[in-house]
**Q** 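There's a structure below that I have some questions on.
All values below were derived from every heavy atom in this structure, side-chain atoms included, with hydrogens, water molecules and symmetry-related copies excluded.
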Amino acid sequence: MRAQLARIDAVLVQALIAAALSFAHLHDVASAAGQDGWKAWAYPVSVDLLLVAAWRRLRTGDAKAAGWCWFVIALTASLGANVATAGLLDLEQVPAWLRILVAGWPAVAFLGGTLLAHSAPASHEDTEEQDDQGDAPDPAPELPAQPAPGLTPAPPAVAVPAALVEHARKVAAEHRTRTGSAIDTSTLRARLGVPALMAEAIAAHL
């Protein structure tokens with residue numbers, strides 16, 4: 001147990017030393033590029049936070065392409081600062097392209113952090129819910145009710161004015177006097193000039 005704790009402690013100490021050195025290098029590069037005061041300290045924080053966000057996205061197992069992309073960008077910024085402070089660049093006379101990179105880094109870090117934080121992968125519960133919905137059969141379409149065999153559906157009720165019924169009775173009486181038989185619905189409809197449903201409703205009143 002003690003041996004395991006010793007190995008863990010050694011790894012943590014090594015990680016803290018590396019993080020502190022990288023933090024200081026990023027600060028020095030930002031300060032040399034004209035970002036003085038608190039701004040110089042904010043640059044290493046933004047790089048480290050972007051590294052952590054990208055690493056967490058890689059650990060989830062989803063959207064690894066975006067995670068690797070931003071991880072490489074943040075790692076390049078960190079390694080670039082380490083190399084720049086190793087004597088390859090004159091920090092007393094920082095070239096214009098480095099000033100441009102340092103000045104543009106906050107926008108890049110903001111974009112990467114926002115995309116990594118607000119495009120979280122679907123949770124396991126959401127995936128199961130979608131799977132359950134996908135496996136469920138489509139409900140059968142509702143069919144209109146059909147009348148029982150041998151039964152004729154009753155025609156819908158139609159309101160008939162009393163004056164029209166009275167006029168129809170006169171027409172029916174005239175037809176019986178002239179032909180000697182009751183008037184049929186078709187003839188009544190033709191004489192009154194009404195729709196078929198209206199004619200059937202009037203015939204029911206006769």
**Q** Find out if a path of hydrophobic residues (ILVMFWY) with successive side-chain heavy-atom gaps under 4.5 Å connects L79 to V52.
**A** no
**Q** Please collect all side chain to side chain donor-acceptor pair (under 3.5 Å) contacts where either partner lies in residues 30-40, sequence neighbours excluded, each pair once.
**A** none
**Q** Excluding sequence neighbours, so at least two apart, what forms side-chain contact (heavy atoms from CB on, under 4.5 Å) with I100?
**A** none
**Q** Looking at every non-hydrogen atom in both residues, tell me the closest pair between A54 and G67 and how far apart they are.
**A** CB-O, 3.5 Å
**Q** Regarding K170 and E174, does a basic nitrogen lie under 4.0 Å from an acidic carboxylate oxygen?
**A** no
**Q** Measure the CH2-CG distance between W55 and D48 for me, rounded to the nearest 0.5 Å.
**A**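 Spacing of CH2 (W55) from CG (D48) equals 15.0 Å.
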**Q** Checking side-chain contact (heavy atoms from CB on, under 4.5 Å) for the pair D28/Y43: CA distance, chi angles, key distance, verdict?
**A** CA-CA 10 Å; D28 293 344; Y43 274 83; over 6 Å; no
**Q** Only pairs at least two apart or in different chains count here, so list each ring pair (Phe, Tyr, Trp, His ring centres under 6.0 Å) that has a residue in residues 69-94.
**A**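 Residue pairs with at least one partner in residues 69-94: W68-F71.
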**Q** Tell me, which pairs form a ring pair (Phe, Tyr, Trp, His ring centres under 6.0 Å) where one or both residues lie in residues 183-202, sequence neighbours left out?
**A** none
**Q** By side-chain contact (heavy atoms from CB on, under 4.5 Å), which residues pair with L49, not counting sequence neighbours?
**A** V45
**Q** Under 3.5 Å, sequence neighbours excluded: what are the donor-acceptor pairs made by side chains of residues 180-188?
**A**
unit_1 : atom_1 : unit_2 : atom_2 : d
S181   : OG     : T179   : OG1    : 3.4
D184   : OD1    : T187   : OG1    : 2.8
D184   : OD2    : S186   : N      : 3.2
D184   : OD2    : T187   : N      : 3.0
D184   : OD2    : T187   : OG1    : 3.2

**Q** Show the nearest heavy-atom pair for residues L75 and L51, with the distance to one decimal.
**A**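 For L75 versus L51, the nearest heavy atoms are N-CD2, 3.7 Å.
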**Q** So, for S78 and L26, which heavy atoms are closest and what is the spacing to 0.1 Å?
**A**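 For S78 versus L26, the nearest heavy atoms are CA-CD2, 4.2 Å.
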**Q** Using side-chain contact (heavy atoms from CB on, under 4.5 Å) as the criterion, list what pairs up with L101, not counting sequence neighbours.
**A**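 Partners of L101 under the side-chain contact (heavy atoms from CB on, under 4.5 Å) test: W97.
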**Q** The criterion is salt bridge (charged side-chain N to carboxylate O under 4.0 Å, His left out); which residues satisfy it with R169, sequence neighbours excluded?
**A** E166
**Q** According to a 4.5 Å side-chain heavy-atom criterion applied to Ile, Leu, Val, Met, Phe, Trp and Tyr, with indirect links allowed, do L111 and L50 form part of one hydrophobic cluster?
**A**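 Same hydrophobic cluster.
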